[in-house]
Number of protein chains: 2
Amino acid sequence: METTLTISVQDYLKAIYELTAGGEPANTTALATRLGIAPASVTGMIQKLSRIKPPLVEYRKHQGVKLTAQGNKAALEVIRHHRLIEAWLVQTLGYSWDEVHAEAEQLEHAISEDFEARIASALGNPERDPHGEPIPSVNLTMPEDTLLPLAALRKGQAAIVKRVNAENPELLRHLDSLGLVPGTKIEITDYSPYDNNLTVLIDDQDFVIGLAISTKIFVEKF
Amino acid sequence: METTLTISVQDYLKAIYELTAGGEPANTTALATRLGIAPASVTGMIQKLSRIKPPLVEYRKHQGVKLTAQGNKAALEVIRHHRLIEAWLVQTLGYSWDEVHAEAEQLEHAISEDFEARIASALGNPERDPHGEPIPSVNLTMPEDTLLPLAALRKGQAAIVKRVNAENPELLRHLDSLGLVPGTKIEITDYSPYDNNLTVLIDDQDFVIGLAISTKIFVEKF
DNA sequence: ACAAATATTTAGGTGATCCTAAATATTTTA
DNA sequence: TAAAATATTTAGGATCACCTAAATATTTGT
Ligand SMILES: [Mn+2]
Ligand SMILES: [Mn+2]
Ligand SMILES: [Mn+2]
Ligand SMILES: [Mn+2]
């Protein structure tokens, strides 16, 4: 049933999945930027993906792309690989959370379904990767995540960090140095409505966090 | 210095390495068969590899190909990846020796040098893969192997199996069922000069082994 | 509402890797 | 040693995933 998708196609589908997480279709430029490819090339590829036998994407000129049900499954397969591999690199080979992304980006296309099953089982079928990102289930559904962005908290509220949406190694190391990693308890000690800065108490220390970071950290209030 | 080689090129170099192990250049047909590619395509590729900046192969029309020093290093890098990955799949994910080849064939092109170093270290820098094949050193030299083919033994000689040169899963399972795996002690109880069959005592049982197998098993006399 | 700015698509390539069919070279065999 | 058999190369394509430049469409700002 499944013609094996090329690495390129897998990366397009994953990028479309991530860019359409908010419900809006992904536009050509955003895809081009994320994939490091010229916009013209992106147009060509998404046109092809929308025309193959069972279409992987839905596309209308100048309106952006969305994944079809087929495309969504294919994207979740790649994302499941990626996140399981990240978890496994950390737990069995001592990688740190800023090192796993690049390695997983390659390995996600190279492992078999058998390998996927073996690491999932060896890890005890984890629900989240080292950044707290949910791992799609073996039958390719994405678990619902009810977390709040840190940016939504206000003075006096306390929460626990659950998820960090970042790939950049330097940013990840910075967050690590702040203590903004899954599991950390935090409390908002101040909020500035002008610049949306939050002052956050982390491990007895106050840090001022801007939107660039606070929109990427997801928490659970308590 | 190193332009990253494509997966195709890596597989060509590995195949040439293996086919030239006996000293003779590799011919087009053998390469084509091993790679599952049309002979015409092989000619095109080896012509290209012989013309790139520092040539990876030495080639003369109708005379076959050999690796240059450059090509040899590149081949050993891929083989090191392959064999370390095989060892690691067996030791950490419970793969059996007939399952590792296909998986390693893909992963060998996807791992980073960092990953290579981590698994080598985690495994204690092993010298052989699960089939007993020597693993090239980190500085890309192939350890000398002084083993004898099983086919060279004669009646009365005893030896220990050290290496099995096979990829086919069915053959590997067959060898496993015979006990012809690295570490097993054997004794030759008969030799037939007409068909070169050997009768081999393995774990108290006699088996008659033809050349198809006895040339692929390497042993150390004792 | 319209011009300017921005985004997207079309047109026309390129390079990598593979294919088949036909031509040619080498090796084998009678 | 000359056919016949086999191996190899050349010629001409195809597909994939990119690219740049130019054309066109959409969005934004006044
Ligand atoms: Mn990828
Ligand atoms: Mn992650
Ligand atoms: Mn390979
Ligand atoms: Mn092996």
Side-chain angles (χ1 to χ4, degrees), chain A residues 2-16 19-20 22 24-66 71 74-75 78 105-106 108-110, chain B residues 2-16 19-20 22 24-66 71 74-75 78 105-106 108-110:
Chain A
E2 309 261 308
T3 324
T4 308
L5 304 172
T6 64
I7 292 174
S8 258
V9 168
Q10 291 179 43
D11 281 339
Y12 272 92
L13 295 176
K14 189 157 59 107
I16 296 167
L19 290 173
T20 55
E24 296 304 300
N27 53 287
T28 304
T29 311
L31 266 173
T33 302
R34 173 167 264 263
L35 293 168
I37 282 170
S41 307
V42 170
T43 300
M45 178 62 97
I46 65 189
Q47 287 176 340
K48 184 172 69 170
L49 295 180
S50 73
R51 277 196 248 91
I52 56 182
K53 340 195 268 185
L56 293 171
V57 306
E58 193 187 316
Y59 161 72
R60 286 193 336 281
K61 269 186 193 177
H62 298 96
Q63 306 303 134
V65 259
K66 296 188 313 181
V78 185
E105 197 60 46
Q106 296 306 121
E108 65 188 8
H109 311 293
Chain B
E2 309 261 308
T3 324
T4 309
L5 304 173
T6 65
I7 292 174
S8 258
V9 169
Q10 291 180 43
D11 281 338
Y12 271 93
L13 295 176
K14 189 157 60 106
I16 296 167
L19 290 173
T20 56
E24 296 304 300
N27 54 285
T28 304
T29 311
L31 265 173
T33 302
R34 175 167 264 262
L35 293 168
I37 282 170
S41 306
V42 170
T43 301
M45 178 62 98
I46 65 191
Q47 286 175 340
K48 184 172 69 170
L49 295 179
S50 73
R51 276 196 249 91
I52 57 182
K53 340 195 268 186
L56 293 171
V57 306
E58 193 186 317
Y59 160 74
R60 286 194 335 281
K61 269 187 194 176
H62 297 98
Q63 305 303 135
V65 258
K66 295 189 313 182
V78 185
E105 198 60 46
Q106 297 305 122
E108 64 189 5
H109 311 293

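First the proteins, then the strands, lettered A, B, ... as listed; each starts at 1.
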For dT6(D), take OP1 and OP2 only and decide whether either is under 4.0 Å from a side-chain N or O of Thr29(B).
-> no
So which nucleotide from dC18(C), dT9(C), dC19(D) ends up closest to the side chain of Ala38(A)?
-> dC19(D)
Contact check, side chains of Leu5(A) and Val78(A), non-hydrogen atoms, under 4.5 Å = no
Val65(A) versus Tyr12(A): any side-chain heavy-atom pair under 4.5 Å?
-> no
Is the phosphate of dT9(D), meaning OP1 or OP2, less than 4.0 Å from a side-chain N or O of Tyr59(B)?
-> yes
Can you tell me how far C1' of dA14(D) sits from CD1 of Ile37(B), to the nearest Å?
-> 16 Å
Return no unless some side-chain N or O of Tyr12(A) is found under 4.0 Å from OP1 or OP2 of dC16(D).
-> no
Out of dT10(D), dT17(C), dA7(C), whichever nucleotide has its closest atom nearest the side chain of Val9(B) | dT17(C)
Let me know the distance between CD1 of Ile46(B) and P of dC18(C), rounded to the nearest Å.
-> 13 Å
Scan Thr43(B) against the nucleic acid and name what it touches under 4.0 Å (heavy atoms): base, sugar-phosphate only, or nothing.
-> base
Considering residues, nucleotides and ligands other than Lys14(A), do more than 12 of their heavy atoms fall under 6.0 Å from its NZ?
-> yes
Interatomic distance where CD belongs to Gln63(B) and P belongs to dT26(C) [whole Å] = 7 Å
Examine dT8(D): is either OP1 or OP2 under 4.0 Å from a nitrogen or oxygen in the side chain of Asn27(B)? Give yes or no.
-> yes
For Lys48(A) and dT15(D), is the shortest distance between a side-chain N/O and OP1 or OP2 below 4.0 Å?
-> no
From the list dT10(C), dC18(C), dA7(C), which nucleotide is the closest neighbour of the side chain of Gln47(A)?
-> dT10(C)
Would you kindly give the CD1-to-P distance between Ile52(B) and dA16(C), to the nearest whole Å?
-> 10 Å
Where the side chain of His62(A) is concerned, which of dT9(D), dC18(D), dT26(D) is the nearest nucleotide?
-> dT26(D)
Nucleotide nearest Ser8(B) when distance is taken to its side chain, options dA17(D), dA11(C), dC18(C) | dC18(C)
Report the C-alpha separation of Val57(A) and Lys66(A) in whole Å, then their side-chain angles, then the decisive distance to 0.1 Å, and conclude whether the side-chain contact (heavy atoms from CB on, under 4.5 Å) test is met.
-> CA-CA 6 Å; Val57(A) 306; Lys66(A) 296 188 313 181; over 6 Å; no
Remember a base hit wins even if backbone is also touched, and classify Thr28(A) as base, sugar-phosphate or nothing at under 4.0 Å, heavy atoms.
-> sugar-phosphate
Between dA17(D), dT10(C), dA7(D), which nucleotide has the shortest distance from any of its atoms to the side chain of Lys61(A)?
-> dT10(C)
Separation of atom CZ in Arg51(A) from atom P in dT9(C), rounded to whole Å | 12 Å
Roughly, in whole Å, what's the span from CG in Leu5(A) to P in dC16(D)?
-> 12 Å
Within 6.0 angstrom of Glu58(B) CD, more than 12 heavy atoms from elsewhere = no
How is Ser41(A) classified with respect to the nucleic acid when contacts are heavy atoms under 4.0 Å: base, sugar-phosphate, or nothing?
-> base
Rounded interatomic separation in angstrom, taking CG from Leu13(B) and P from dT17(C) | 11 Å
Test side-chain contact (heavy atoms from CB on, under 4.5 Å) applied to Asp11(A) and Ile7(A), Leu13(A), Val9(A), the passing residue = Ile7(A)
Tell me: CG of Leu31(B) to P of dT9(D), nearest whole Å?
-> 11 Å
